[in-house]
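See structure below.
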Amino acid sequence: MRKLFSAVLVSLLFTFSLGSVFQGRLVFGKSGLSSESSMVLPSDEQQIAALVNGSRAYDYDLELENIAYEHYDFRSAGSLGANETANWIKGQFESFGLETWLEPFEFTNWTLLQKPSLIIDQDGNQSTVNDQVAINSFQCEHYSWPTPNEGIFSDLVILPLPNATSYPELGKNPINMTIWNATDITGKVLLIGREVRLTGKWLSPFVNKVYMQPPAAIVYTWWYSWMSFTPLLLSSMGGKMFWGLNIPVGSVNYNDGLWIRNSENATSSLSANVTIKAVIKSHGTHYNVVGKINGYEQPDKMVIISAHYDTVMCSGFCDNGAGTTGIIELAKVIDEAIEEEIYEPKYTLLFVAFTAEELWLVGSAHYVKQHKSDMANIKAVINLDCIGSNDLYVSQTPNSDLEQKIVQAAQDLGLSVNLEPPGGSDHESFMYPSDVNDMVLSNWGVDLGISDATPVNASAMILSYPLLYRDLWEMGEAGWIHTTYDNSTSTETLNWVEAEDLGNHIKVTALAIMRTSPNVVPEFPSSILVVAFMSLTLFVYVLVRKKYRLPKNSTLKRYSAS
């Protein structure tokens, strides 16, 4: 009887194991998820989430950072660094077995040929060098107008800003136009507080002053001591602001800016030599990168998983190396899941790495232009832009349930999630093509002809950073987007992009993909499990009865019959 009991027990365990595999009744313990989560995921979702490797994704990001550091312009759109990155991403997709290609388009591009420099000359005489001081923190603004090869040498002048004791006070006190009007900035190197650009009340008189008296170059610095903790903050197209006047633009940090201000106040004879060797092409080549996994039931329908790989004058470890590594890891994981027959997507999955997001969505807008006829067939766009920190955000999709799918995926993995307003990155080109067309036209004078493109309402962004950089000044700490702190060393020190968080956010995206493009691998029906259990039990009973010659009125028979 002991053998009989063991045989029946084995059959029960085997059957219930099948049930666990096919009906998804296993619960995550670790793997970067909350061990307290009580959510039971379907087996296919569990298996795909288990394939995600946050450390591997982090290593991809380190590779992207290495490429950025090999170039003076990092991965700025259209630059040599950006093109090298596009080919590297293409190689990753190809190594996973995806159908992969580059999609070129022509647009203005910018390449920086050497590290920019700012040298302060304290006597205004270029021939004496012992009084010259190189400002190490100087960096040109993204897409700055170039200087001549020999640089620009001119008197340095300063336009002061009004008193302000905190960020909310910016713009409350008016510009002292008496001092400004008495300062001729024509043909000079102008130093001014970057805070002038943070409020329209100050920006308007500043722009008017520049257009009336065009300086030879502009150098921004943080003006107020309460901004001294902040590194250089470089705008997406900060250098393009005065292209119409051919003015090169750069920035220095607070300490260097304060030294220049104090030195000028002491001598009133400072000059400056600004050198920004850059090349601007009105028709340069940019590349979006596409990796494709065909759908198994409706391949003409598509789900796009995207991120932008271009940067703003820094390594872009978070913005947006993290998002780019996210789509690379997802491409690898989903390809593996297909190979292991875990998942077969109903719709075609397109992993798209966009360039030129920092030029105001130019790369994704061109993608819409090139695929305008496909827009009605796009089921959803899931865009990753700055992931891997503690706090997870999802942009709202007012006319779609995609937002809820992503939120539910996060909650099912035991992660808290916050909502953000729609837009803000490349998914906006799909959600609001007409608005993006107007934006590109306004900023670049180019009509892409996508105003009548079919909108994709199910377009969302998954994002994460400690604090949005728009809260930088009010909160006294920063997410450091578009600053020199956006690198692997700073993000590690400040607990910014971390492998565990990166892996968790990629898992959320993986589940959102599966719930948007459902798995067509047939599930094992519960009715078949019941039949299998009864058949297996009866089979064991027949074998045991035959071997041990059990009587017909045995207990096993009565239980079997009941």
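Using a distance-only test at 3.5 Å, with no hydrogens or angles considered, no donor-acceptor pair links the side chain of Glu63 to the main chain of Asp59. Judged by distance alone, the side chain of Ser315 and the main-chain N or O of Asp486 form a donor-acceptor pair under 3.5 Å.
Contacts of Asp184 classified as side chain to side chain contact (heavy atoms under 4.5 Å, CB included), with partners at least two apart in sequence or in another chain: Thr186, Gln213. Under the salt bridge (charged side-chain N to carboxylate O under 4.0 Å, His left out) criterion, Arg197 pairs with no residue at all, not counting sequence neighbours. Applying the ring-ring contact (aromatic ring centres under 6.0 Å, His included) criterion to Phe351, with sequence neighbours excluded, gives no partner residue. Under the rule for a salt bridge (charged side-chain N to carboxylate O under 4.0 Å, His left out), Glu65 has no partner lying at least two apart in sequence or in another chain. Shown here are the salt bridge (charged side-chain N to carboxylate O under 4.0 Å, His left out) partners of Glu428, two or more places apart in sequence or in another chain: there are none. Residues passing the side chain to side chain contact (heavy atoms under 4.5 Å, CB included) test with Ala510 are Ile48, Leu330, sequence neighbours excluded. Remark: Ser76 pairs with His142 by the side-chain hydrogen bond (donor to acceptor under 3.5 Å, both in side chains) rule, at least two apart or across chains. Take Thr221 and apply the side chain to side chain contact (heavy atoms under 4.5 Å, CB included) test, not counting sequence neighbours, and it matches Leu191, Val252. Residues forming a side chain to side chain contact (heavy atoms under 4.5 Å, CB included) with Ser166 (at least two apart in sequence, or on another chain): Pro168, Glu169.
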Donor-acceptor pairs are to be reported for all side-chain atoms of residues 239-250 against protein atoms at under 3.5 Å, with residues two or more places apart or in another chain.
| residue | atom | partner | partner atom | Å |
| --- | --- | --- | --- | --- |
| Lys240 | NZ | Asn443 | O | 2.8 |
| Trp243 | NE1 | Tyr143 | O | 2.9 |
| Trp243 | NE1 | Gly239 | O | 3.4 |

Quick one: side chains of residues 149-159, donor-acceptor pairs under 3.5 Å with protein atoms, not counting sequence neighbours, listed by atom name and distance.
| residue | atom | partner | partner atom | Å |
| --- | --- | --- | --- | --- |
| Ser154 | OG | Gly187 | O | 2.7 |
| Asp155 | OD1 | Ser271 | OG | 3.4 |

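Residue pairs satisfying the side chain to side chain donor-acceptor pair (under 3.5 Å) criterion with at least one member in residues 256-265, sequence neighbours excluded, are listed as follows: Ser137-Asp256.
Remark: Glu329 does not engage Lys507 in a salt bridge, criterion side-chain N to carboxylate O under 4.0 Å.
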